[in-house]
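Remember, it's 1-based here, ligands and their atoms both numbered in the order they're listed. Numbering of residues begins at 1 and proceeds along the displayed sequence.
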Amino acid sequence: MPATSSTTAPTDRYAKSVLAHAHARTLMPGGVSSPVRAFKAVGRTPVTVVSGRGATVTDVDGHDYIDYVGSYGPLILGHAPEAVTVALAKVVGHGTSFGMPTEAENRLAEKVIAAVPGIELVRFVNSGTEAAMSAIRLARAVSGRDKIIKCVGCYHGHTDSLLVAAGSGATTLGVPSSPGVPASVTGNTVLVPYNDAGAVRAAIAAHPGAIAAVAVEPIAGNMGCIPPEPGYLQALRDLCDETGTLLLFDEVMTGFRVGLGGAQGLYGVTPDLTCLGKIVGGGLPCAAYGASEAVMRQVAPDGPVYQAGTLSGNPLAMAAGGTVLDALAADDSAVYKDLEVVSAGLAAGLEAAAKKGGCPVYVTRVGSMLGVFFVDKDGDRVTDYAGATACHTDRYTAFFGAMLDGGVMLAPSAYETWFVSAAHDDEAIRHTLEVAEGAFKVAAGV
Ligand SMILES: *Cc1c(COP(=O)(O)O)cnc(C)c1O
């Protein structure tokens, strides 16, 4: 077993996970269905999970963890919320897929359109990757242009044209970040740093009349959590309007996370195209993209832009998504108000614990999305990918291990967002902060 661990994992404690992972590795690349789950970045053996309930996940060795992964974003109500399990139980006996329209699609579509300012018509797909891929195709079709501007460090799923590594300089032409991605595809992707509207202006000027869309995570959540600087999103809106370029907000993570209207509702900047995922499926595989009616009527069969899916609009996903959106909208969005209070308490507590532990950190937060960056010194800020990757990942590794051993599950990478759910109560936060204080001490010693 590659049980090498920089935080000396008590191996007996994870004996069943170690066995399960060893078996998994004989069956699947890395023993996982998605790479980050292999815990490679933190030098540990992945914990194999058997169940989740509320804010807690339980592993095969019987340990409970306060969970801040939240399936990487979908689980805003926590694990197995009763409303969702009841809704699923109600529909599952009536068939799980038809390849024919259902009224459940109408119901979820109505809720999405009512909530998200930039969406007048919507198309359901199965993953955020698919949503981004389809939205890009649509942007190219309606603009008659091929090139896309993408921010370094923003993740839009693993579709070829958006799977581009960090380049240097403001307008570097993309090079593929994975073998198997043709340079001819990523050659149409122009990279700019996040939070730098001037770089977008320069990139558009460098490719006059050629940029179909500016694609951006309105709150970056895949290089840690990096909020937009004041005015950034509006500046992108203005640049796109001046140049006939479509503005694409990838709200797969932020949609329904930072408010019912997503980041576009929060910041009051409406994009031309919106991608949704994660929460919209209520924990089941589902995503969506949407835009104005004029743009969406270009999608087949109303228009020529082809995009399809055998399991799209799946009735289980529609039921789960609809149930979660109802819960989020209930009582004048009381869930978001509670999330704000609990998340603010967590963020302040983490800052205090880090200070006590002698570990300089920069804590970011928008609603229930949090970032903890292990910066050089107190006062350092992180606003883009260069800043995020300059942080001390070795300290994150130590911190992660100490938190895991203390019963707190963080994402096994320094570049993921923490997600607070409605199930995280004061006791969960108290336990988290107690463990964090020791974990920051361990991290500071690295
Ligand atoms: C998670 C994510 C995706 C990809 O979604 P998948 O369902 O994993 O394909 C795309 N964009 C953003 C912003 C995401 O956070």
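With respect to atom 2 (C) of ligand 1, the closest heavy atom belonging to the protein is Lys278 NZ, 2.6 Å. The protein non-hydrogen atom at the shortest distance from atom 8 (O) of ligand 1 is Thr129 OG1, 4.6 Å. When only non-hydrogen protein atoms are considered, atom 3 (C) of ligand 1 lies nearest to Val252 CG1, 3.7 Å.
Neither the backbone nor the side chain of Thr254 comes within contact range of ligand 1; no heavy atom lies under 4.0 Å.
Using a 4.0 Å cut-off between charged nitrogen and carboxylate oxygen, Arg140 and Asp146 do not count as a salt-bridge pair. Under a 4.0 Å N-O distance rule, the pair Arg365/Glu340 qualifies as a salt bridge.
Judged by distance alone, with hydrogens and angles left aside, the side-chain atoms of Thr245 form no donor-acceptor pair with the main-chain N or O of Ala213 at under 3.5 Å. In this structure, Tyr72 contributes its side chain and Met253 its backbone to no donor-acceptor pair below 3.5 Å.
The ring of Tyr232 has its center closer than 6.0 angstrom to the ring center of Tyr194. Ring to ring, Phe39 and His21 are not that close: their centroids are 6.0 angstrom or more apart.
The shortest N or O to N or O distance between Asp250 and ligand 1 is under 3.5 Å.
Annotation for ligand 1: atoms under 4.0 Å from non-hydrogen atoms of Glu217 are 13 (C). In the vicinity of Gly128, heavy-atom distances shorter than 4.0 Å reach the ligand 1 atoms 4 (C), 5 (O), 6 (P), 7 (O), 9 (O). Which parts of ligand 1 touch Ser127 is read off a 4.0 Å heavy-atom cut-off, strictly below it: atoms 7 (O), 9 (O). Here is the list of ligand 1 atoms found below 4.0 Å of a heavy atom in Met253: 15 (O).
Across Val361, Thr417, Leu410, a single residue satisfies side-chain contact (heavy atoms from CB on, under 4.5 Å) together with Val372, and that is Val361.
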